[in-house]
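Working notes for the structure below.
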There are 2 protein chains.
Amino acid sequence: MELNERKKKILEVIIRDYINTAEPVGSRTLSKRCNLGISPATIRNEMADLEDLGYLVQPHTSSGRIPTQKAYRYYVDEIMEIRKLEKMIRTDIHRGFLNTTTELGSTMDHTARVLSQLTNYTAVVLAPRVTNFNCRNVQIVSLIKNRVLMVVVTNEGMAKNIEVSLSQDVDNALVLKLSNVINGFLKNTNLSDLSSELVDRIQEMTPEESKLIHEIIPHLKKVLLDEDSEVHSTGLTNLFNYPEFSDVNKIKQLINLVQEKQVLSEMMTNNNGNQVIRIKIGSENDNENLKDFSIITSTYELDGEMMGAFGVIGPTRMNYDNVSSVLNYIRNELNLHISNLLMK
Amino acid sequence: MELNERKKKILEVIIRDYINTAEPVGSRTLSKRCNLGISPATIRNEMADLEDLGYLVQPHTSSGRIPTQKAYRYYVDEIMEIRKLEKMIRTDIHRGFLNTTTELGSTMDHTARVLSQLTNYTAVVLAPRVTNFNCRNVQIVSLIKNRVLMVVVTNEGMAKNIEVSLSQDVDNALVLKLSNVINGFLKNTNLSDLSSELVDRIQEMTPEESKLIHEIIPHLKKVLLDEDSEVHSTGLTNLFNYPEFSDVNKIKQLINLVQEKQVLSEMMTNNNGNQVIRIKIGSENDNENLKDFSIITSTYELDGEMMGAFGVIGPTRMNYDNVSSVLNYIRNELNLHISNLLMK
DNA sequence: GTTAGCACTCAGTTATTGCGAGTGCTAATA
DNA sequence: TATTAGCACTCGCAATAACTGAGTGCTAAC
């Protein structure tokens, strides 16, 4: 399956050209562009070979060739290299991160914005999921009458808020009591372990407290397990400028995809292979709505532990090396920034 | 400018028909549909009159007529009536609100979803802005090292969270001190009045406290004044099904509009005329991006005071009476629900 | 005032043609 | 043997022409 140098070169030029123009590439254009000093006729022969091998197809008999998914995969694996970004862009990005506010959510938004600007595709960023971490403490703030706000804080200093209406009004004393009880069983437990059985183990509760706690737990669970709020995306309209998205149905498909935050979230976190930059091309994606797209993702970490993911969605005719290079750099920046923001 | 009964009837049928089909209405079709027992020829005469008066236009010489913006305005003002929704739908909506969780944000989301489902257009809901209310107290939760979370609670029991990184680490004692100081000047002040001068009036501060407070204030301002988080919208893709949105540019325009949350927010709250249901047709909208759309909005209240707004964006060929009727009912439900949720 | 009849208009569809970019094949060439 | 020039062929696409039909305005009769 190994291609000789010339075939490889020709394939590379075709892919690069098609990524830029979205037009099928013909032998004449190619002959001028690839600087190999070979005639269109020779190139035609090579192209026919590449077509036999499954790297190229013709949209119709008398047109130029376009790369197949297999070609993109070959390009990604064997040809392209992750570049170091230009100094100027690097410092731009770096400064941008320094200027972001101190809130986690806005850092995520910023990342998404930078990603979509630098790539001209749609960016998705997943914030760290609070349920991956251990609870340090829970603070309860009385709002009014029977409503309270619970603030769950992890050891790393991440916070999540849950509003709850209880079946009875609360006063300061009750807030304090509830607070003690909840802290009693949540402290230092992993937030994904939240279960009612856990609560039952606590013995020192009055019936009243027990009742209220059992009202609270479902809310707590629901909000903590809710993935939607962790998904930040931008640059949806970027894609509309590409000719492959002049079809309204494809746009619909895309919008639906981006709105299904849970699906996005799953898709970006299932990391098979442990590569730093993961590339899924067209039908390599499990999700049906993504069959026509490519997605490149990466992750950011804190003390070597995966915190979240981020990536870019675009057409299969995606500028793979630029996106990979950008992701690679952003990853470093994000790691840096997150470790300043959170602490283990 | 007053139209006689027959012209009025004809105009009504044309508008209704065009709203349903998006096709220009011809005299023959109309003659069958309007049951006035008049021939196409007569209708042609009447239509010519209506065109002269500015209520109708022909897309091209030999086609049927479509209503002008003036016609829609006439329809809205003089013809249509706000209906009472069917019993079944009413109870459906009512039950839906009862089932929403106790959190304000999710009530807003639910409202948006119901609106877009019932109207098949795009729904926008504005949550109450915390800056319209008086602060009851501020709670500070230490997150980690130099980071704290401030929870601002209003007298009505609304809460807003602000994450802040300070220039130095905080311990419990410092949190308590800061908490006292901030409560000292925020308690019972209107949250929009937040200014640095306010802070200067407080005398009993150590230089350290003063420094930290001055670090906090800008964040506080920024988050409290931020309107973006108050805007909930759904049903963007609903509009794509209408033939007027088969054009990608119009879709882009729409998406940009919905993403500019601040603009949306302003647009929906500037209430000139104090009507319960406000209808803006096409170019009646100030915003350039909305010139091709119609928007119907309403507001919800607590103790007679305006809390927020909600509404529907659609084509100028909008089903004005259905949307108005739905908004009218939702308004009541929302008022009810909000007064259960918040308290004055 | 209303209507039937008729000539006219014009967007949209279908059919026809010509163009051009591109191919595969073959025979000549290095 | 690999490369290339030449040539006939293919086929999408754009431009043009012809056709269709829904709808109009006008006029004359009712």
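Letters go in sequence order (proteins before strands), and every chain restarts at 1.
Taking 4.5 Å as the limit, every side-chain heavy atom of B:P67 sits out of range of all side-chain heavy atoms of B:Y55. Residues B:N120 and B:N319 fail the side-chain proximity criterion, which asks for heavy atoms closer than 4.5 Å. Looking at B:Y18 and B:Y72, their side chains come closer than 4.5 Å, going by heavy atoms from C-beta outward. The shortest distance between side-chain heavy atoms of A:V258 and A:V124 does not fall below 4.5 Å. Between B:N249 and A:F240 there is no side-chain heavy-atom pair separated by less than 4.5 Å. At a threshold of 4.5 Å between non-hydrogen side-chain atoms, the residues A:L56 and A:L11 count as touching. Side chains of A:T316 and A:D292 form no contact here, defined as non-hydrogen atoms less than 4.5 Å apart. Side-chain atoms of A:L290 and A:I313, non-hydrogen and from C-beta on, do get closer than 4.5 Å to each other.
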Show, in sequence, the C-alpha distance, side-chain angles and deciding distance for A:F293 and A:Y121, and conclude whether the ring pair (Phe, Tyr, Trp, His ring centres under 6.0 Å) test is met. CA-CA 11 Å; A:F293 301 88; A:Y121 300 119; over 10 Å; no
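Taking atom CZ on A:R6 and atom P on D:dA2, their separation rounds to 10 Å, with Å as the unit. Atom pair A:N45:CG and D:dT1:C1' shows a separation of 13 Å (rounding to whole Å applied). The distance between atom CG of A:N4 and atom P of D:dA2, rounded to the nearest whole Å, is 12 Å. In this structure, the CZ atom of A:R44 is 10 Å from the C1' atom of D:dT4, given to the nearest Å. Rounding to whole angstrom units, CG of residue B:L30 and C1' of D:dG23 are separated by 13 Å.
Contacts of B:Y329 classified as ring pair (Phe, Tyr, Trp, His ring centres under 6.0 Å), with partners at least two apart in sequence or in another chain: none.
Of the options B:E46, B:E51, B:E23, a salt bridge (Lys or Arg N to Asp or Glu O under 4.0 Å) to B:R65 is made by B:E51 and by none of the others.
Within residues 241-250 of chain B, no residue has any heavy atom closer than 4.0 Å to DNA chain C. Heavy-atom distances under 4.0 Å link DNA chain C to no residue of residues 14-21 of chain A. Looking at residues 57-67 of chain A, you'll see A:Q58, A:T61, A:S62, A:S63, A:G64, A:R65 sit with a heavy atom under 4.0 Å from some atom of DNA chain C.
Each of A:S27 and B:S39 has a nearest nucleotide on DNA chain C; the 5'-most of these lies closest to B:S39.
Chain B approaches DNA chain C within less than 4.0 angstrom (heavy atoms of the protein), and the contacting nucleotides run 5' to 3' from C:dT2 to C:dA11.
There is no side-chain donor-acceptor pair under 3.5 Å between B:T234 and B:R113.
For residues 74-88 of chain B, the set of pairs meeting the salt bridge (charged side-chain N to carboxylate O under 4.0 Å, His left out) definition, not counting sequence neighbours, comprises B:R73-B:D77.
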